[in-house]
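Predicted model only: the values in this text are computed from it and were never measured. Each chain gets a letter, A, B and so on, in the order its sequence line appears, and its residues count up from 1.
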Protein chains: 2
Amino acid sequence: MAGIVACAWTLAREHGIAGVSLHALAREVGIRQPSLYEYFDSKHALYDAMFADGNRRLVERLDTTTFSREPRDALKQWLAVFTAFAGEDPARYQLLFQRPIPGFTPSRESYAPAEEVLDRAVTLMRAAGVTGPGDIDCIVAMTAGLTEAQLSNDPGGNRWLRHLDRLVDLLVDDAIARGGPNGT
Amino acid sequence: MAGIVACAWTLAREHGIAGVSLHALAREVGIRQPSLYEYFDSKHALYDAMFADGNRRLVERLDTTTFSREPRDALKQWLAVFTAFAGEDPARYQLLFQRPIPGFTPSRESYAPAEEVLDRAVTLMRAAGVTGPGDIDCIVAMTAGLTEAQLSNDPGGNRWLRHLDRLVDLLVDDAIARGGPNGT
DNA sequence: GTCTATACTAAGATAGAC
DNA sequence: GTCTATCTTAGTATAGAC
């Protein structure tokens, strides 16, 4: 079961997340395609397991990081973990943070660790003085913009991501200057 | 031919860009599926025509805009045209600015108007005092981040895009402060 | 230029034996 | 739990008549 999901990730890295076929997956695992239905009721169920697995791994990664007690540094560390995680496996990033499979929506259970991830980021932003929902949106979207530009145009490089910390400082300073305890 | 492409856009809006099938397209046009091969050698050729068409429309849109003589305002106007164009048709945005079709790369000819679009943006950024390639990358990526967050999570709304002008000011001011005539 | 007919490929899913 | 065999659907593409 865990082995099957691992094989599925291998195929996703090779052929893209949408390019994972059950025939190829079975071949990779070393069983016949119908046997997969012992483990997953449908292809969407497979994607759901992958989604949960990916998010769990990100949570683990965050768990094993010791964050600075200086809130803004901690936020930057969180973002560094996040972008490193994204860079390791663009296909995984796609499944977790974009909507690449028409008709697939993660189940409630699988979605739980994903919310956990976001919650931690929000907590760090608040601690760093970014409390307005609009300001949080901006940091999230800006990070996604840099990350996606990096993955699409220069995977493995840092032409875009090298600006992340600087832009964070810019947005955080601005949020604090404009907001104080609240903001838009 | 232009009518076929128009029908293809209609289908793309309904079923996503990857969900356009030649059978459905032929039905929409009112001919039989094999007849499409009189117009396009392959499905990729159809996507290529759509790609060129979309970019041409964006160029037109920019052509019919009168830009402020104040460079920063002009840049904001450009971005407003761009995001409005994106918001009108998320499927079109996907085809033009993401890589949603595995194996499809636009031909040189179709790519030309796309470069035109980007060039104009860069010109406006330079006029506004943003001359470092890194600073240009940041504004482009930040705009894409807000636009994609808006399209994926709240199409038609403005939860993310309402921050665009403010963030542009932030990034432009910072680029000028750090760079003067050059910058990273 | 449009048609009918069909080839080809690939995918997800099910039935039923072992 | 795994297999063989098969179903079903859906897509791109081609051949050849009109």
| Check: A:Phe85 ring centre within less than 6.0 Å of A:Phe97 ring centre | no

| Toward the 5' end of DNA chain D, which comes first, B:Tyr37 or A:Ser35, by nearest nucleotide? | A:Ser35

| field | Rounded interatomic separation in angstrom, taking CD1 from B:Ile31 and P from C:dT4 | value | 12 Å

| request: With the side chain of A:Lys43 defined as its heavy atoms from C-beta on, choose the nearest nucleotide among C:dT4, C:dA13, C:dT2. | output: C:dA13

| request: Could you state the atom-to-atom distance from NE2 of B:His23 to P of D:dA10 in whole Å? | output: 11 Å

| Is the backbone N or O of B:Ala74 less than 3.5 Å from a side-chain atom of B:Glu70, with the two atoms forming a donor-acceptor pair by type? | no

| message | Rounding to an integer number of Å, can you tell me how far A:Ile101 CD1 sits from C:dA11 P? | response | 14 Å

| said: What contact category does B:Tyr39 fall into here, base, sugar-phosphate, or nothing, at under 4.0 angstrom with non-hydrogen atoms? | reply: sugar-phosphate

| Closest approach of B:Phe51 and B:Ser110, non-hydrogen atoms and distance? | CE2-O, 3.5 Å

| field | Side-chain donor-acceptor pair present, A:Asn153, A:Trp160, cut-off under 3.5 Å | value | no

| query | Separation of B:Tyr47 atom OH from D:dT12 atom C1', in whole Å? | reply | 11 Å

| Residue whose nearest DNA chain D nucleotide is more 5′ - B:Leu22 or A:Pro34 | A:Pro34

| field | Spacing between B:Leu25 atom CG and D:dA13 atom P, to the nearest angstrom | value | 13 Å

| Whole-Å distance separating the CD1 atom of A:Ile4 from the C1' atom of D:dG1 | 11 Å

| remark: From CG of A:Leu36 across to C1' of D:dT2 the rounded distance in Å is 11 Å

| note | Between CD of A:Gln33 and P of D:dA5 the distance, given in whole Å, is 14 Å

